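This is a predicted model, so every value here is computed, not measured. Values below: all heavy atoms of this structure, side chains included; hydrogens, waters and symmetry mates excluded. We count ligands from 1, going down the list as the structure has it; atoms in each ligand are counted the same way.
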Amino acid sequence: MTQSFIPLSVPSLKGNELKYVTKAIKDEWVSTAGPYINSFETEITNYVNAKGSVAVQNGTSGIHIALKLLGVSEQDEVIAPTLTFIAAVNPIKYCGASPVFMDCDESLGLDPQKLKVFLDEECEKKGDELINKKSSKVIRAIIVVHVFGNMSDMESIMEIANDYNLPVIEDATEAIGTFYTKGKLKGKFAGTIGKIGVYSFNGNKIMTTGGGGMIVSDDINLLERARHLTTQAKSDPLYYTHDEIGYNYRMTNLQAALGLAQLEQLENFINVKKRNYDLYRNEFTSIDGLSLISFRENTRPNYWFYGMKISEKYPLERKDIIQRLSDNSIQARPIWDLIHEQLPYQDTQAYNISLAYNFLNSIINIPCSSSLTSQEVQRVIKVLAELNR
Ligand SMILES: *Cc1c(COP(=O)(O)O)cnc(C)c1O
């Protein structure tokens with residue numbers, strides 16, 4: 001008997017998606033203006049408790065604009081993690097600037113301790129600016145990524161960033177819905193803690209618009225400028241006057257229609273993902289050599305991706321596990337290769353990277369769709385348990 005395929009992460013579109021998209025088409029509002037865009041922005045703003053938001057084409061364009069808003073330009077440097085998806089870093093290059101790569105901590109997010117040592121020892125203040133002694137370039141900002149929906153150590157990172165007067169961009173593309181439940185950031189959502197946050201609604205994210213993104217901030221002036229820059233920097237809509245180089249980065253009404261329907265279901269998606277996460281985690285306690293990466297204490301994570309950690313006690317290596325799962329019609333994927341080792345970044349400074357290498361060799365992402373059933377989770381577990389007999 002052939003088994004049905006269990007994908008890694010696919011969208012679930014069983015709410016009001018068809019209804020809203022149909023309405024957008026019937027109303028003939030399909031492009032970068034229309035009522036769904038405004039509603040979607042408002043609903044996201046309310047959900048994450050920000051001051052405002054600007055809908056964009058995707059997470060990558062959102063990060064590009066965030067860097068522009070902070071004045072990142074040619075010859076600047078931006079601190080960024082090496083253990084992440086490359087879209088968190090490429091926009092630094094779009095600005096003509098360069099990343100300085102940092103290690104991760106146990107949460108897979110940026111390691112605040114190494115960040116502090118780097119800033120203390122490898123950089124020096126000159127006037128208002130912070131100079132990287134090695135390159136003599138100005139450090140302009142820090143990009144933090146909440147990997148797999150797990151909050152980075154924002155309490156520590158914000159303290160350090162504030163000490164050095166460095167603005168933080170939160171790549172919260174994987175983390176919409178994650179928030180602190182305790183401590184001094186209690187109630188704060190991932191994406192709303194730094195200066196600017198960016199969400200992604202790509203097809204594999206926890207909620208999708210097919211492709212799309214959102215910039216959020218508490219700084220209304222920045223958001224206004226974001227709207228301007230993403231709309232070709234058009235300062236007069238009649239005479240088409242442009243006061244700087246802009247971009248065509250706006251979200252369409254069709255995308256926003258999908259997004260609004262998805263947002264209505266986000267808390268349900270998170271509940272299913274939590275249930276499946278707990279199920280995997282419990283069953284792994286009886287499989288030697290397998291565990292799941294924990295989410296940060298004192299937060300409510302969105303449980304977007306499950307990082308399965310393999311130790312030496314497990315008899316198979318990463319690539320063999322992925323192959324055997326695939327033989328059983330189950331999709332799994334290794335964690336990303338480190339960015340500082342990728343061809344376009346091999347000449348870029350990477351500061352004392354160590355823990356990221358551990359994770360690089362030991363983490364596999366296993367099926368986690370918001371439509372994944374308990375039975376399907378049990379099927380994945382059974383294959384993993386049998387491989388270790
Ligand atoms: C998905 C993702 C992005 C980019 O978002 P897109 O909407 O696909 O452009 C950026 N950073 C990280 C960490 C991501 O996972």
*Hey, which of Y351, Y164, F101 is the one that makes ring-ring contact (aromatic ring centres under 6.0 Å, His included) with F118?*
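By the ring-ring contact (aromatic ring centres under 6.0 Å, His included) criterion, F118 pairs with just one of Y351, Y164, F101: Y351.
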*Counting only heavy atoms not in D243, do more than 12 fall under 6.0 Å of its CG?*
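For D243, atom CG is crowded (more than 12 foreign heavy atoms under 6.0 Å).
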_Would you call the rings of F148 and W336 parallel, tilted or perpendicular, taking 30° and 60° as the class edges?_
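The arrangement is tilted - the two ring planes meet at 30° to 60°.
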*asked:* Does either side chain, that of K68 or that of S73, offer a donor lying less than 3.5 Å from an acceptor on the other one?
replied: no
*asked:* Working note: E41 + R250, criterion salt bridge (Lys or Arg N to Asp or Glu O under 4.0 Å); need CA distance, chi angles, decisive distance, verdict.
replied: CA-CA 12 Å; E41 285 176 345; R250 293 286 289 151; 3.4 Å; yes
Is there any protein N/O under 3.5 Å from an N/O of ligand 1, and what does the full list of such pairs look like?
from	atom 1	to	atom 2	distance (Å)
ligand 1	5 (O)	S200	OG	3.3
ligand 1	7 (O)	G59	N	2.7
ligand 1	7 (O)	S200	OG	2.7
ligand 1	9 (O)	G59	N	3.3
ligand 1	9 (O)	T60	N	2.9
ligand 1	9 (O)	T60	OG1	2.5
ligand 1	11 (N)	D171	OD2	2.7
ligand 1	11 (N)	T173	OG1	3.3
ligand 1	15 (O)	E174	OE2	2.5
ligand 1	15 (O)	K205	NZ	3.2

*Do F40 and Q255 have side-chain heavy atoms sitting under 4.5 Å apart?*
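The answer is no; the side chains never approach within 4.5 Å.
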